[in-house]
Q: 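For reference, the structure I am asking about is given below.
Chain naming here is simple, since letters A, B, ... match the order of the sequence lines and numbering starts at 1 in each. Atom set for the values below is all heavy atoms of this structure, side chains included, hydrogens, waters and symmetry mates excluded.
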Number of protein chains: 2
Amino acid sequence: MIETHLAKLRARDTISEEEEQVIRASLGEVRELRAHVTCIRAGERLSASTLLLDGLMCRYKDLPGGERQITELHVAGDFLDLHSFSLKQLDHNVMALTPCRVVLVPHAKLTEITETQPHLARVYWFLTALDAAIHREWELSLGRRSAIQRIAHLMCELRVRLGLIGQADDDGFSLPLTQSDLSDCTGLTPVHVNRTLRDLRERGLMDFRGRRVTIHDLAGLTALAEFDDSYLYLRREER
Amino acid sequence: MIETHLAKLRARDTISEEEEQVIRASLGEVRELRAHVTCIRAGERLSASTLLLDGLMCRYKDLPGGERQITELHVAGDFLDLHSFSLKQLDHNVMALTPCRVVLVPHAKLTEITETQPHLARVYWFLTALDAAIHREWELSLGRRSAIQRIAHLMCELRVRLGLIGQADDDGFSLPLTQSDLSDCTGLTPVHVNRTLRDLRERGLMDFRGRRVTIHDLAGLTALAEFDDSYLYLRREER
DNA sequence: CGGACAGTTGACCTATTTCAAATGTGGTGG
DNA sequence: CCACCACATTTGAAATAGGTCAACTGTCCG
């Protein structure tokens with residue numbers, strides 16, 4: 001059930017058998033979510049964090065005028081709101097983009113981990129720091145990259161993150177997002193996303209059609225995006 | 001020396017006398033930095049985190065073409081890179097914007113805190129989650145707010161954060177930034193920042209001159225920015 | 001077969017950028 | 001104390017990336 005989660009942790013640090021058992025013991029209720037359901041709302045008091053088992057989800061913030069910004073995408077094995085353990089309530093919403101399966105991890109269990117499993121606590125602290133690193137890279141994209149670079153960069157990021165859990169290879173990956181979702185990730189309009197995707201296709205770099213990203217020229221895409229995966233902290237360290 | 005830091009923690013949780021002593025005992029070398037010095041570079045291996053005692057600093061990322069995005073501003077009492085404890089190296093640079101004084105906190109001391117002071121560890125974990133919340137709000141600004149809203153929003157944020165440490169009131173605050181720094185925060189060009197500041201002045205909302213922000217109409221500025229401070233988590237909680 | 005979306009395209013618009021030049025301003029050395 | 005230099009700020013004119021509006025075309029369910 002949590003193999004993708006463990007794979008993600010073990011890509012970054014050593015997780016002992018005992019720690020794996022502690023993680024498994026911390027899992028609570030499993031829930032199924034339908035696509036487009038907002039399952040956590042900003043300001044709600046929370047007593048459990050949510051781990052994504054399957055599907056694609058996102059964090060987003062809306063402005064009073066209705067403009068939406070997705071602040072991060074989540075793939076299987078990601079915690080959607082590990083930070084709700086620290087924050088107790090969120091400053092953003094969390095939504096399923098596709099049908100999803102999640103499992104709850106009660107904050108009480110996480111408190112216990114901080115009391116008795118300091119190394120595992122540091123690994124989970126690391127996960128929240130990794131989230132922040134992704135946010136920073138998105139700030140850079142939103143603030144300083146052109147439309148085509150933003151989209152190319154996002155695709156490069158997703159290829160790596162999905163690759164970690166065996167859901168992407170050099171040819172591409174399944175991405176059940178609409179162009180409008182993509183516009184909310186990149187701070188663009190849906191119309192401009194459409195034109196930019198055509199541009200990427202015409203340049204022979206990649207194709208996003210039928211909920212699938214097909215990469216035709218990974219090197220070219222990476223170069224256009226100026227993508228450097230170091231912000232994803234893929235090296236193993238003692239945390 | 002670390003009064004601003006303690007004030008910031010105590011605005012969000014209860015810190016016992018003992019914990020305060022643990023924090024004080026974790027402090028290492030104090031350093032003075034001149035303005036415009038980059039003191040931490042992306043990719044460097046780090047063995048201590050840095051706490052800002054005095055001055056204004058920032059985290060920033062550069063693109064190969066030279067475009068810069070500042071991803072967060074830091075005021076006295078902020079950790080500049082508490083996350084380097086988890087990450088071991090950073091994905092961004094850290095620079096002094098004014099002359100600054102900082103103190104190092106060795107990662108070994110932080111490890112010790114996670115082993116022996118679980119509550120304090122949770123408080124520090126919270127600080128990194130708060131950083132991420134600020135990053136998310138900046139993503140929203142960069143992706144979806146207009147130039148004038150971005151600047152107004154940033155000023156509202158700074159007023160609250162500086163207010164927490166007694167360096168701002170309703171009339172304004174000292175802000176020793178250039179318009180060019182401001183453009184790197186907001187993803188705009190310096191020229192447009194200049195015009196937008198004039199616009200804010202002409203609307204009677206605020207004035208940024210001579211390294212000082214003077215707020216003429218806080219309610220109007222807040223409304224224009226659609227500023228809501230909940231992402232700064234100012235309420236006290238048991239973490 | 002129809003209805004609700006998702007994607008596509010064209011024409012036009014505008015917020016912001018770009019480029020260039022002029023005008024402060026604060027610090028330094030003579 | 002002044003001259004000068006390096007920056008920071010300000011302004012104008014022209015250019016453009018991306019937005020807006022509106023219509024048309026899939027496409028997938030029910």
Q: Checking the side chain of R144(A) only, and the main-chain atoms of R68(B) only, is there a donor and an acceptor separated by less than 3.5 Å?
A: yes
Q: Take atom CZ of R145(A) and atom P of dA17(D), then tell me their distance rounded to the nearest Å.
A: 18 Å
Q: Over how many whole Å does the gap from L182(A) atom CG to dA6(C) atom P extend?
A: 14 Å
Q: Output the rounded distance in Å from CD (Q149(B)) to P (dT16(C)).
A: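 Nearest whole value for this atom pair: 10 Å.
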Q: Given atom NE2 of H192(A) and atom P of dA15(C), what is their separation to the nearest angstrom?
A: 17 Å
Q: Would you tell me if any nitrogen or oxygen in the side chain of R150(B) comes within less than 4.0 Å of OP1 or OP2 on dA15(C)?
A: no
Q: For the residue pair H5(B) and F79(B), is the inter-centroid distance of their aromatic rings smaller than 6.0 Å?
A: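 Yes, they do, as the ring centres are separated by less than 6.0 Å.
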Q: So does R212(B) have more than 12 non-hydrogen atoms from other groups sitting under 6.0 Å from CZ?
A: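 Result for CZ/R212(B): enclosed.
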Q: Taking S141(B) for the side chain and W138(B) for the main chain, is one N or O donor matched with an acceptor at less than 3.5 Å?
A: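 Answer holds: no.
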Q: S146(A) has a side chain; which of dA22(D), dT11(D), dG18(D) sits nearest to it?
A: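 For S146(A), the side-chain atoms sit closest to dG18(D).
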Q: Side-chain N or O of R209(B) less than 4.0 angstrom from OP1 or OP2 on dT9(D)?
A: no
Q: Given atom CG of L175(A) and atom P of dG7(C), what is their separation to the nearest angstrom?
A: 11 Å
Q: Using the side chain to side chain donor-acceptor pair (under 3.5 Å) rule, pick out the option among E137(A), R136(A), E157(A) that qualifies with Y231(A).
A: E157(A)
Q: Does a side-chain N or O of R211(B) approach OP1 or OP2 of dA8(D) to a distance below 4.0 Å, or not?
A: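 No, outside the criterion.
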Q: What is the nucleic acid contact for R195(A), judged by heavy atoms within less than 4.0 Å: base, sugar-phosphate only, or nothing?
A: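 It contacts base atoms.
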Q: What is the distance from CD of E67(B) to P of dT17(C), rounded to the nearest Å?
A: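 It works out to 12 Å between those atoms.
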Q: What contact category does G210(B) fall into here, base, sugar-phosphate, or nothing, at under 4.0 angstrom with non-hydrogen atoms?
A: nothing
Q: What is the distance from CD of E202(A) to C1' of dT9(C), rounded to the nearest Å?
A: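 Between C1' of dT9(C) and CD of E202(A): 12 Å.
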Q: Students often get this wrong, so: under 4.0 angstrom with heavy atoms, is L197(A) touching a base, only sugar-phosphate, or nothing?
A: nothing
Q: From CG of D199(A) over to P of dT16(D), roughly how many Å is that when rounded to an integer?
A: 16 Å
Q: For a quick test of reading the model: is some side-chain N or O of Q179(A) closer than 4.0 Å to OP1 or OP2 of dT8(C)?
A: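 So the side-chain polar atoms of Q179(A) do come within 4.0 Å of the phosphate oxygens OP1 or OP2 of dT8(C), strictly under.
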Q: Less than 4.0 angstrom between a side-chain N/O of N194(B) and OP1 or OP2 of dT10(D), yes or no?
A: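 For dT10(D), OP1 or OP2 has a side-chain N or O of N194(B) closer than 4.0 Å.
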